[in-house]
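First comes the structure, then the notes that go with it.
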Amino acid sequence: MLMSQLYAPTLRETPAEAELASHRYMLRAGLMRRSAAGIYTFLPLGLRVVRKVEAIIREEMNRIGGQEVLMPIVQPAELWQETGRWNDYGEEMFRLTDRHNRQFCLGPTHEELVTDLVRAEVRSYRQLPLRLYQIQNKYRDEIRPRFGLIRGREFIMKDMYSFDRDEAGLDESYWACYHAYERIFSRCGLDVRPVEADSGAIGGDVTHEFMVLADVGEAVVLYCSACDYAANVERAESGKVAQSEVPPKQLPMEEVATPGKTTIAEVTEFLGAAPQQCIKTMIYLADGEPVAALVRGDHELNEIKFQRVLGCASLELADTATIERVTGAPVGFAGPVGLRIPVVADHAATEVVNAVVGANKADYHIKNVNIGRDFQVTRTADIRVVVAGDPCPKCGAPLTSAYGIEVGQVFKLGTKYSAALKATFLDENGTEQPLIMGCYGIGVGRTVAAVIEQNHDEHGIAWPVAIAPYHVIVVPVTIKDEQQAKTAREIYEALQRADVEVVLDDRDERPGVKFKDADLIGFPIRITVGPKSLRKGMAEITLRKTGERMELPVDQITDYVVKTIKG
RNA sequence: CGGGGCGUAGCGCAGUUUGGCUAGCGCGCCUGCCUUGGGAGCAGGAGGCCGGAGGUUCAAAUCCUCUCGCCCCGACCA
């Protein structure tokens, strides 16, 4: 490809819309352009990268027995109504109506479609396991699209769906995919960490997310430095915190006036108590019924864990009226003493001796409250947000926290969709069974963005060879110099014959411009043909990632390049 | 959805408070000269219904109303 012909409009200045390195460089290097909020056009260079990531994904999916299909973007409402997700998905679903007033959505995912497809054809255990995947655009009307490809409303996603006859089969599918993902991301040049995660609205119980650790990530992950424990903050658990050996003596309860002090910060300051000495009481509505959650004052409640503990379908903070009704006090003075609703306490909250709690009475708190003596809890569970420094639940070593970009997720779905959609098969005994499903997604665009986050410097992108849009750019310092132009052309053609993906920068630009563009776009290898080396019959090779340079005789360039990109 | 900010040339911005005669600057783009190892220089040039609609006025990028779009922060943790 000739640079003069390549549609890669590079920008000297950063477009105002871009915050992250990946977003900035994808625009500046001419990989993509924005069409609407969270919706992008891929330009030739960007598309080449996307296609390469997809190719790697296809290879690894095929390798574990995946078969590619292509399902529609536009999906009928009926299927989604069958599983209940037409309502459950809410505002995030792009919906449309056709001329006959029939309702459709732009698929945010394809569980319904694929299950519908399979239920019609799969009858027997002999047809299992079945692993189908597809790569295509999906749509979610994100509340706030941002960060370029990382949180878009239209995005390219690979999804695989597995259908097995039993749990053991599902387990096999799941781990086959897990390991395929490790290979995929590693081949893309990413440093990825699989973490235990929450399954959220999709359903199912076992799930891992594949996280690219990066400061700009949207998700928080906790991982252990001593063992292999790693989890999304939504799921992360904490080990037992060591208690002091001699528990302090329990003191008598004492009501204290705390006028207008409704937050932990205000109360601790006013009373001169430590936040760890307080127990926060929060009133929630679980499927409409009030329930109280207790966490230590310096801890935060993890709603996702709390909801899992309660096993309820909906969970939200109670409204002011409900709080006043169940506690008898305005917001800010709730406490466990005398509460007549179910109370769930976090483990750490139950260990506070002589705690400060709300008095369920306006402008009062109670000091020296003790569990067992002064109040009872319905149950104790792990319901708080784990933070860095908390002990690892597996080995007790302190956990570290980091931000991550989620590039993939694997789920064990079980029978949630097959049961709802009556996708069944007959086992050896002739008994009808629901298919056991798993689903496995990779955000393709997000993966590209994540690669840039992990592979860039102040000059631009430094692509890993495996997904670089082109491997090599040949830059004659002065195209008007006949000797340089001729040699550059020869090198370019020799590389093409060797199946190297190469661009010749044939533009009549000053060298600085060409070097800057080469660095910005991020070709892994640059071959400079200039007067200095050419006099000696040589050309210069520069490796983008390391900045390493060397001179090589012109006729050895091809061999060197081939070896470098293969190895 | 709440808060904040922004829409003026392909990109980055000034001008808007205090309305005023030809709407500017830098980069990019086109032509020519010159230059060629890290985004050169000179000269000439093209390109804008000032996001859109309505209103006020002798006069609107500027004031008023409505609308559309985009960016950032937040979304209940007593």
Side-chain angles (χ1 to χ4, degrees), chain A residues 9-20 23-24 27-28 30 33-39 90-91 141 143-148 151 258 260-267 275 278-285 292-306 315-320 322-324 326-327 329-336 346 356-360 362-363 365 383-385 458-460 475-481 484-485 505 507-520 526 528-535 539-540 542 547 549 551:
Chain A
T10 57
L11 302 172
R12 289 196 182 188
E13 286 169 286
T14 302
E17 68 191 71
E19 291 263 302
L20 300 196
H23 190 190
R24 256 193 341 258
L27 295 170
R28 281 196 56 204
R33 288 290 183 264
R34 188 176 61 79
S35 300
I39 297 178
E91 299 277 283
D141 193 1
I143 185 166
R144 178 145 88 92
R146 60 186 122 178
F147 306 144
R151 183 162 293 272
T258 51
K261 310 297 181 194
T262 62
T263 66
I264 292 291
E266 288 166 358
V267 170
C278 300
I279 295 175
K280 259 194 297 210
T281 305
M282 286 166 284
I283 311 297
Y284 275 81
L285 287 173
L294 305 184
V295 297
R296 215 170 70 185
D298 57 327
H299 287 157
E300 273 187 48
L301 178 71
N302 181 326
E303 284 188 0
I304 292 165
K305 283 156 74 170
F306 187 37
L315 180 70
E316 54 183 353
L317 269 170
D319 52 283
T320 312
T322 304
I323 292 172
E324 287 177 8
V326 303
T327 69
V331 174
F333 299 96
D346 180 65
V356 174
V357 303
N360 295 330
D363 296 333
H365 279 75
I383 56 169
R384 73 178 172 92
V385 175
E458 68 274 25
H459 302 293
V475 183
V477 167
T478 311
I479 193 76
K480 281 189 174 154
D481 179 291
Q484 285 179 40
D505 197 340
R507 296 176 300 173
D508 181 19
E509 288 285 357
R510 296 172 60 82
V513 173
K514 292 182 277 198
F515 294 152
K516 288 285 185 189
D517 274 345
D519 287 350
L520 179 60
R526 189 181 87 206
T528 313
V529 180
K532 289 187 225 158
S533 328
L534 199 52
R535 250 178 263 129
E540 187 178 301
T542 310
R549 309 169 165 224
E551 284 188 322

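The shown structure was predicted, so the numbers you read here are calculated from the model rather than taken from an experiment. Sequence lines set the chain letters: A, B, ... in the order given, protein chains first and strands last, and positions in each chain run from 1.
- Residue A:Arg12 is tested with A:Leu520, A:Asp517, A:Val513 for a side-chain contact (heavy atoms from CB on, under 4.5 Å); the sole match is A:Val513.
- Among B:rG37, B:rU36, B:rC76, the nucleotide with an atom closest to any side-chain atom of A:Thr478 is B:rU36.
- One donor-acceptor pair, N or O on each side, does fall under 3.5 Å between the base of B:rG37 and the side chain of A:Glu540.
- Among the heavy atoms of the strands lying under 4.0 Å from A:Pro511 is at least one base atom, whether or not backbone atoms are also near.
- With C1' as the reference atom, B:rG5 and B:rC30 are 36 Å apart, rounded to whole Å.
- Distance check on atom C1': B:rC25 versus B:rU18 gives 23 Å, rounded to whole Å.
- The side chain of A:Arg146 lies closest to B:rC72, out of B:rC72, B:rG38, B:rC71.
- Taking atom P in both B:rA9 and B:rC49, one finds a spacing of 9 Å when rounded to whole Å.
- Of the nucleotides present, none pairs with B:rG28 by Watson-Crick or G-U wobble criteria with both distances under 3.5 Å.
- With hydrogens and angles disregarded, a donor-acceptor distance shorter than 3.5 Å links the side chain of A:Gln484 to the backbone of A:Val477.
- Of the listed nucleotides (B:rG37, B:rA40, B:rG12), B:rA40 has the atom at the smallest distance from the side chain of A:Arg12.
- Rounded to whole Å, the separation between the C1' atoms of B:rU8 and B:rU62 comes to 12 Å.
- At a threshold of 4.0 angstrom between heavy atoms, the contacts of A:Asp519 include nucleobase atoms, whether or not backbone atoms are also involved.
- For A:Arg28, the side-chain atoms get nearest to B:rG39 when compared with the rest of B:rA40, B:rG39, B:rG38.
- Distance check on atom P: B:rC73 versus B:rG37 gives 43 Å, rounded to whole Å.
- A salt bridge links A:Arg384 with A:Asp346: at least one charged nitrogen is closer than 4.0 Å to a carboxylate oxygen.
- Taking only side-chain atoms of A:Val477, from C-beta outward, the nucleotide of B:rC27, B:rG37, B:rG38 with the closest atom is B:rG37.
- Here the side chain of A:Ala16 is nearest to one of B:rC1, B:rG12, B:rC11, namely B:rG12.
- Scanning all heavy atoms of the two residues, the minimum distance from A:Arg549 to A:Glu540 falls at NH1-OE2, 3.2 Å.
- Note on A:Ile479: nothing from the nucleic acid sits closer than 4.0 angstrom, heavy atoms only.
- Within 4.0 Å of A:Thr14, counting heavy atoms only, lie sugar-phosphate atoms of the nucleic acid but no base atom.
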Show, in sequence, the C-alpha distance, side-chain angles and deciding distance for A:Phe333 and A:Thr327, and conclude whether the side chain to side chain contact (heavy atoms under 4.5 Å, CB included) test is met. CA-CA 8 Å; A:Phe333 299 96; A:Thr327 69; over 6 Å; no
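- As a whole-Å value, the separation of A:Leu11 CG from B:rC29 P is 12 Å.
- B:rC6 and B:rU17 are spaced 14 Å apart, taking the P atom of each and rounding to whole Å.
- Across B:rG38, B:rC11, B:rG39, the shortest atom-to-atom separation from the side chain of A:Phe515 is found for B:rG38.
- Contact annotation for A:Ala37: backbone-only contact, meaning every heavy-atom pair under 4.0 Å involves sugar-phosphate atoms and none involves a base.
- In the interface, the side chain of A:Arg526 is paired with the base of B:rG38 through a donor and an acceptor atom under 3.5 Å apart.
- Looking at A:Val295, A:Asp298, A:Val357, A:Ile264 one by one, the single match for side-chain contact (heavy atoms from CB on, under 4.5 Å) with A:Cys278 turns out to be A:Ile264.
- A:Asp363 places a side-chain N or O within donor-acceptor distance of the main-chain N or O of A:Gly260, the cut-off being under 3.5 Å.
- In the set B:rC71, B:rC11, B:rG37, the nucleotide with an atom closest to the side chain of A:Ser533 is B:rG37.
- Judged by atom type and distance alone, A:Glu13 does not reach the base of B:rG28 through any side-chain donor-acceptor pair under 3.5 Å.
- Among the nucleotides B:rC11, B:rG39, B:rC70, the one closest to any side-chain atom of A:Arg34 is B:rC70.
- Out of B:rU35, B:rC72, B:rG39, the shortest distance to the side chain of A:Lys480 is found at B:rU35.
- Residue A:Pro531 is classed as a base contact, given a heavy-atom separation below 4.0 Å to a base.
- Of the C1' atoms belonging to B:rG55 and B:rA59, the separation is 15 Å, rounded to the nearest Å.
- Between A:Arg144 and the phosphate of B:rA75, there is no side-chain N or O to OP1/OP2 separation shorter than 4.0 Å.
- Here the separation of B:rG7 from B:rG12, taken at their P atoms, is 11 Å to the nearest Å.
- Proximity of A:Arg510 to the phosphate of B:rA40: a side-chain N or O atom is located under 4.0 Å from OP1 or OP2.
- Among the heavy atoms of the strands, none lies under 4.0 Å from A:Ala293.
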